[in-house]
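Since the structure is predicted, the reported quantities are computational estimates derived from the model, not experimental observations. Atoms within each ligand, like the ligands themselves, are counted from 1 in listed order.
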Amino acid sequence: MVAEDAESKRHIFLTGFMGAGKTTVGQALAERLGWEFVDLDRAIEKRVGLSIPEIFAQQGEDIFRHEETRSLQLLDDGPGKVVATGGGIVGREENRRLLSRLGKVVFLDLPWHVLQPRLQAQGGRPLATGAQGWEPVRRLYEMRQPYYRQADLRIECSGLSPWQIVTRIVEMLNLCPEDPA
Ligand SMILES: Nc1ncnc2c1ncn2[C@@H]1O[C@H](COP(=O)(O)OP(=O)(O)OP(=O)(O)O)[C@@H](O)[C@H]1O
Ligand SMILES: O=C(O)C1=C[C@@H](O)[C@@H](O)[C@H](O)C1
Ligand SMILES: [Mg+2]
């Protein structure tokens with residue numbers, strides 16, 4: 001059992017829907033802080049030896065979700081890391097407990113009308129292909145909002161560059177106030 005003290009809450013987790021900028025902002029935040037960056041989706045792909053679309057197609061979503069929880073449990077005891085999570089990580093209660101126990105959770109909040117074109121342009125996400133139209137994806141977005149909103153910090157990202165978002169996170173979490181952006 002990990003104690004819920006400042007020492008155990010060392011990581012910074014970026015959460016938010018698919019396409020919200022977790023990877024982009026996470027990399028920039030890690031660079032700004034000089035911390036290691038971890039992308040949980042990439043960590044799962046490496047451990048399983050398959051891409052996320054392959055895991056969903058060959059093993060199913062349940063196995064993917066199991067691996068997702070595992071990837072949180074496997075975050076080691078080393079120094080704080082900036083962690084970009086998968087868009088669905090907030091779906092499991094166990095994950096939500098792990099996130100808040102292990103670090104500060106930052107929700108990158110964007111309205112659906114900004115996210116949808118990004119998802120359409122990029123493709124490659126099993127739960128957001130648009131193959132059944134975009135309404136089921138929008139519903140998933142809406143369903144997850146209350147869970148994302150349990151974060152320690154919510155950043156309204158509309159109209160902000162990744163670097164501006166990073167500056168806001170650093171300021172709001174008081175991460176290195178002596179170091180100007
Ligand atoms: N603040 C921003 N302003 C404009 N475009 C952005 C911003 N942040 C990210 N993007 C762009 O949005 C797209 C999605 O970003 P990114 O891959 O970082 O999101 P994500 O939340 O990690 O998505 P997922 O993990 O679901 O694939 C990319 O094309 C990225 O360049
Ligand atoms: O929102 C989701 O459920 C997902 C988001 C991606 O980051 C991946 O974790 C996977 O494609 C599932
Ligand atoms: Mg990502």
Among [options], which one puts a heavy atom closest to [atom]?
atom: atom 28 (C) of ligand 1; options: Gln27, Gln164, Gln122; value: Gln122
atom: atom 23 (O) of ligand 1; options: Gly16, Gly19, Ala128, Ala121; value: Gly19
atom: atom 10 (C) of ligand 2; options: Leu140, Thr23, Ile52, Asp39; value: Ile52

Under 3.5 Å, is there a donor on one side chain and an acceptor on the other for Gln120 and Gln116?
yes

Just to verify, which of Trp112, Trp134, Tyr148 counts as forming a ring-ring contact (aromatic ring centres under 6.0 Å, His included) with Tyr141?
Trp112

For Leu108, which part has a heavy atom under 4.0 Å from ligand 1: side chain, backbone, both, or neither?
neither

Below 4.0 Å, non-hydrogen atoms only: which portion of Ser161 touches ligand 1? Side chain, backbone, both or neither.
backbone

Run through the protein N/O/S atoms less than 2.8 Å from the Mg ion (ligand 3) and write them out by chain and number.
Thr23 OG1

Atoms of ligand 1, numbered as shown, that sit under 4.0 Å from any heavy atom of Arg118
2 (C), 3 (N), 4 (C), 5 (N), 6 (C), 7 (C), 8 (N), 9 (C), 10 (N), 12 (O), 13 (C)

Measure the distance from atom 19 (O) of ligand 1 to every protein heavy atom, then report the residue, atom name and distance (to 0.1 Å) of the closest one.
Gly21 N, 3.0 Å

Protein residue, atom and distance nearest to atom 1 (N) of ligand 1, heavy-atom basis
Leu160 O, 2.9 Å

So for Met18 against ligand 2, with non-hydrogen atoms under 4.0 Å, the contacting part is side chain

Tell me which part of Phe64 gets within contact of ligand 2: side chain, backbone, both or neither, using heavy atoms under 4.0 Å.
side chain

Under 3.5 Å, which donor-acceptor pairs do the side chains of residues 16-25 form with other protein atoms, sequence neighbours left out?
from: Lys22; atom 1: NZ; to: Gly16; atom 2: O; distance (Å): 3.1
from: Lys22; atom 1: NZ; to: Phe17; atom 2: O; distance (Å): 2.9
from: Thr23; atom 1: OG1; to: Asp39; atom 2: OD2; distance (Å): 2.6

Group every Ile, Leu, Val, Met, Phe, Trp and Tyr by side-chain heavy-atom contacts under 4.5 Å, then state whether Ile89 and Leu74 land in the same group.
no

